[in-house]
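Because only heavy atoms are used, hydrogens play no part in the values below, and waters and symmetry mates are left out as well, while side chains stay in. Heads up: numbering here begins at 1 and tracks the sequence.
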Amino acid sequence: MKEILIVDDDKDLSFIISEMLESYGYHVTCANSCDEAFSLLGKMKFSLVLLDINLPDGTGYEICSELRRVSAVPVIFASARSGEDDRINGFDIGGDDYLPKPYSMKELLSRVNALIRRAYGADAGENIVRFGNISVNITARTVTRNGAEVSLSLREFDLLSYLCRNKNIAIPKDRLLSEVWGAFSEVEPSTLAVHIRWLREKLEDDPAQPKFIKTVYKVGYMLEVDK
């Protein structure tokens, strides 16, 4: 979980933050306005959003509020607006952390690392989920079946990985679409159904009667594994 979106109209600061985070293994994309942020969130899947409040065409509050309608992606507010009301508002609309400007790069990195760990368990080393004759290495992005590697597309793996990280939980279709394809993507639900079918064909002994990748009636899908 290494994709970070920075939304800030200060391009110089965004560049400095990007350089620092990328030196620690993160992949960073920058947006300088609300419109640009919404466009990127509709095209890409991010692990964390670093969000300024004052933007040329709106506020970070608006982005966070809309984001929380469709996604649980971690959000850190980073803003010169450091008053108590600003911080409370940031948390009330779904922010996970609030970092007042100016701040040190060391503190920002610490906050990002901590939130990534809390959200994704990134401090657990290799994250491997096993069920039946299947082994999914989320860290290395590899899948084996009976010891033989299974070839998955990028999107198929992202979908399987999300199901693995939320195993034995019924995930609504709209949540899967937003978390795997992008928070504001315009992907049709049928695309999700097709990818589920492809995963079943590659992983299930009987794709028509899946043992692991289950359909949950009127909800969505679930990876059902032994606890």
Side-chain angles (χ1 to χ4, degrees), residues 1-53 55 60 63-64 66-68 70-80 90-91 94-129 136-143 152-166 178-185:
M1 308 308 299
K2 294 289 188 178
E3 298 291 339
I4 294 181
L5 174 64
I6 298 174
V7 185
D8 197 311
D9 62 347
D10 187 332
K11 295 182 180 181
D12 291 336
L13 177 60
S14 294
F15 176 78
I16 293 170
I17 296 172
S18 297
E19 290 277 288
M20 183 273 293
L21 291 174
E22 289 179 348
S23 72
Y24 284 92
Y26 290 102
H27 305 145
V28 181
T29 304
C30 297
N32 304 123
S33 67
C34 291
D35 282 347
E36 191 176 354
F38 283 125
S39 177
L40 288 167
L41 287 163
K43 297 174 182 176
M44 301 174 63
K45 179 177 179 291
F46 294 98
S47 314
L48 182 145
V49 178
L50 182 65
L51 189 56
D52 193 9
I53 294 176
L55 296 166
I63 295 175
C64 185
E66 288 298 309
L67 195 54
R68 280 296 171 259
V70 295
S71 175
V73 61
V75 172
I76 298 177
F77 280 105
S79 174
F91 287 118
D96 297 281
D97 201 352
Y98 199 106
L99 189 58
K101 293 179 179 179
Y103 50 78
S104 71
M105 293 296 105
K106 184 177 180 180
E107 180 177 8
L108 173 61
L109 178 63
S110 178
R111 301 273 189 118
V112 168
N113 287 339
L115 192 48
I116 289 287
R117 285 197 299 269
R118 290 202 301 271
Y120 307 108
D123 60 342
E126 278 198 321
N127 189 355
I128 300 175
V129 177
V136 182
N137 189 321
I138 296 175
T139 308
R141 294 183 66 87
T142 59
V143 180
L152 299 182
S153 70
L154 292 174
R155 197 70 73 183
E156 287 170 348
F157 185 87
D158 288 344
L159 176 57
L160 178 61
S161 173
Y162 190 81
L163 290 170
C164 285
R165 294 198 306 272
N166 296 275
S178 67
E179 296 292 353
V180 176
W181 274 267
F184 301 102
S185 65

**OP:** Take Val136 and Phe157, measure what side chain to side chain contact (heavy atoms under 4.5 Å, CB included) needs, and give me the verdict at the end.
**Re:** CA-CA 9 Å; Val136 182; Phe157 185 87; 4.1 Å; yes
When you compare the side chain of [Y] with that of [X], does any pair of heavy atoms fall below 4.5 Å?
| X | Y | value |
| --- | --- | --- |
| Phe38 | Glu66 | yes |
| Val28 | Glu19 | no |
| Phe77 | Asp97 | no |
| Val75 | Leu48 | no |
| Ile76 | Val49 | no |
| Asp52 | Asp10 | no |
| Val7 | Asn32 | no |
| Cys34 | Leu55 | yes |

Under 3.5 Å donor-acceptor, [X] side chain and [Y] backbone:
| X | Y | answer |
| --- | --- | --- |
| Ser71 | Arg68 | no |
| Ser47 | Lys2 | yes |
| Ser39 | Glu36 | no |

First locate atom [atom1] of [X], then atom [atom2] of [Y], and finally report the distance between them rounded to the nearest 0.5 Å.
| X | Y | atom1 | atom2 | value |
| --- | --- | --- | --- | --- |
| Leu40 | Ile6 | CG | CD1 | 12.0 Å |
| Phe184 | Met44 | CZ | CE | 15.0 Å |
| Ser23 | Met105 | OG | CE | 11.0 Å |
| Tyr98 | Leu51 | OH | CG | 10.0 Å |
| Leu50 | Tyr26 | CG | OH | 12.0 Å |
| Ile4 | Ser18 | CD1 | OG | 9.0 Å |

Original post:
Can a salt bridge be assigned to the pair Asp96 and Arg111 using a cut-off of 4.0 Å between side-chain N and carboxylate O?
Top reply: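 No, Asp96 and Arg111 are not salt-bridged.
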Subject >> Cationic N near anionic O, under 4.0 Å, Asp8 to Lys101 >> reply: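 A salt bridge is present here (some side-chain N lies under 4.0 Å from a carboxylate O).
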Subject >> Sole candidate of Ile128, Val143, Asn127, Leu160 that passes side chain to side chain contact (heavy atoms under 4.5 Å, CB included) when paired with Ile138 >> reply: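 Of the listed residues Ile128, Val143, Asn127, Leu160, the side chain to side chain contact (heavy atoms under 4.5 Å, CB included) partner of Ile138 is Asn127.
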**OP:** Take atom CZ of Phe15 as the centre, draw a 6.0 Å sphere, and report whether it contains more than 12 heavy atoms from other residues, nucleotides or ligands.
**Re:**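 For Phe15, atom CZ is not crowded (no more than 12 foreign heavy atoms under 6.0 Å).
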Original post:
Are Thr29 and Glu3 close enough that a side-chain donor and a side-chain acceptor fall under 3.5 Å?
Top reply: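 On atom types as modelled, these side chains do not qualify, holding no pair under 3.5 Å.
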Original post:
Closest approach of Arg141 and Leu154, non-hydrogen atoms and distance?
Top reply: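 Residues Arg141 and Leu154, closest heavy atoms: NH2-O, 3.6 Å.
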